A.B. asks: 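Pasting a structure here, questions to come.
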Amino acid sequence: MNYWLFKSEPDEFSIDDLKSSTTTPWEGVRNYQARNFMRDECKKGDLILFYHSSCKNIGVAGVATVSKEAFPDKAQFDENSPYYDPKSSEEKPRWFCCEVKFKSKFNKVVPLKDIKENAKLKDMHLVKKGSRLSIQPVKKDEFEEVLNMSRTI
DNA sequence: GCCAACGTTGGC
DNA sequence: GCCAACGTTGGC
């Protein structure tokens, strides 16, 4: 079992949107490192910290799970999609996504600020300077620590 | 809205 | 293969 952190801009897609949708293909990731994680390492049942970025209330908003492993992201073939990639083809897709499902929503968002201040979480990608990875692996201990924090705020 | 840090592109 | 220019991310 692996643990992850997925970033999402809540104005685009929030934890509530995730909750109200039955299945969600995680489309639109256009970064090779993030793609490789999704394509090669995200396994069914893996747990995901759902992170809200670029918003008023920045931090981890809840937990999701991988409900289906990698398949080609169909937005890359759709000329009308902002995620369209003319260099990709159905025969040789460039971008992949997996499907995620809502698991739980925290009573309060665990703020980025608190995560930064927690010594146990100092090695998370998230708090590293300049880290822009939208899909990042998280250690079991780190995952559990964030859950602990969600219970005490 | 600003801007630092990062990733990608493309000319050479 | 280098690297400048550009576009994007994302916290503040």
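Just so we're clear, the structure is a prediction, and the values are computed from it rather than from any experiment. Every heavy atom of this structure was used, including side-chain atoms; hydrogens, water molecules and symmetry mates were not. Order of the sequence lines sets the chain letters (A, B, ...), proteins ahead of strands, with each chain counted from 1.
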A.B. asks: Taking the side chain of A/Arg132 as heavy atoms from C-beta outward, which of C/dG11, B/dT9, C/dG7 is closest to it?
C.D. replies: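 Within the option list, the nearest is C/dG7.
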
A.B. asks: Can we call the ring centroids of A/Trp95 and A/Tyr32 under 6.0 Å apart?
C.D. replies: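 Centroid distance A/Trp95-A/Tyr32: below 6.0 Å, so yes.
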
A.B. asks: In whole angstroms, how far is the P atom of B/dT8 from the OH atom of A/Tyr32?
C.D. replies: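 About 7 Å, once rounded to whole Å.
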
A.B. asks: Can you check the A/Asp85 CG to B/dT8 C1' distance for me, whole Å?
C.D. replies: 12 Å

A.B. asks: When you check the gap from the basic side-chain N to the acidic O, do A/Lys120 and A/Glu145 get nearer than 4.0 Å?
C.D. replies: yes

A.B. asks: Measure the distance from OH on A/Tyr83 to C1' on C/dT9 and round it to the nearest whole Å.
C.D. replies: 13 Å

A.B. asks: Would a distance-only check, ignoring hydrogens and angles, find a side-chain to backbone donor-acceptor pair under 3.5 Å from A/Lys7 to A/Leu133?
C.D. replies: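 Side chain of A/Lys7 to backbone of A/Leu133, a donor-acceptor pair under 3.5 Å: yes, one is there.
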
A.B. asks: Do A/Val138 and A/Trp4 pass the side chain to side chain contact (heavy atoms under 4.5 Å, CB included) test, and can you show the C-alpha distance, the side-chain angles, and the key distance before you say yes or no?
C.D. replies: CA-CA 5 Å; A/Val138 169; A/Trp4 305 97; 5.6 Å; no

A.B. asks: Roughly how many Å is it from CD in A/Gln136 to P in B/dC6, rounded to a whole number?
C.D. replies: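 Going from A/Gln136 (CD) to B/dC6 (P), I get 14 Å.
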
A.B. asks: So, is the end of the A/Lys105 side chain (NZ or CZ) under 6.0 Å from the ring centre of A/Phe102 and within 45° of the ring's axis?
C.D. replies: no

A.B. asks: Consider the side chain of A/Lys129, meaning its heavy atoms from C-beta on, and name the nucleotide among C/dG10, B/dG7, B/dA5 that approaches it most closely.
C.D. replies: B/dA5

A.B. asks: Going by number, which of residues 105-116 of chain A have a non-hydrogen atom under 4.0 Å from DNA chain C?
C.D. replies: A/Leu112, A/Lys116

A.B. asks: Does A/Lys87 or A/Asn31 map to a spot on DNA chain B nearer the 5' end, using the closest nucleotide for each?
C.D. replies: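 Looking at the nearest nucleotide for each, A/Asn31 comes out on the 5' side.
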
A.B. asks: Figure out the CD/P separation between A/Glu12 and C/dT8, and round it to whole Å.
C.D. replies: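 Going from CD in A/Glu12 over to P in C/dT8 covers 14 Å.
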
A.B. asks: Any Lys/Arg nitrogen of A/Arg35 or A/Asp73 sitting under 4.0 Å from an Asp/Glu carboxylate oxygen of the other?
C.D. replies: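 Answer for the salt bridge query: no.
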
A.B. asks: In whole Å, what is the span from the CZ atom of A/Arg30 to the P atom of C/dG10?
C.D. replies: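 Interatomic distance, CZ of A/Arg30 to P of C/dG10: 15 Å.
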
A.B. asks: Expressed as a whole number of angstroms, how long is the span from A/Ile58:CD1 to C/dC12:C1'?
C.D. replies: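 Checked: the CD1 to C1' distance equals 8 Å.
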
A.B. asks: Would you kindly give the CG-to-P distance between A/Asp11 and C/dG11, to the nearest whole Å?
C.D. replies: 13 Å

A.B. asks: So, do A/Trp26 and A/Phe50 have ring centers that fall under 6.0 Å from each other?
C.D. replies: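 When the ring centroids of A/Trp26 and A/Phe50 are compared, they turn out to be within the sub-6.0 Å range.
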
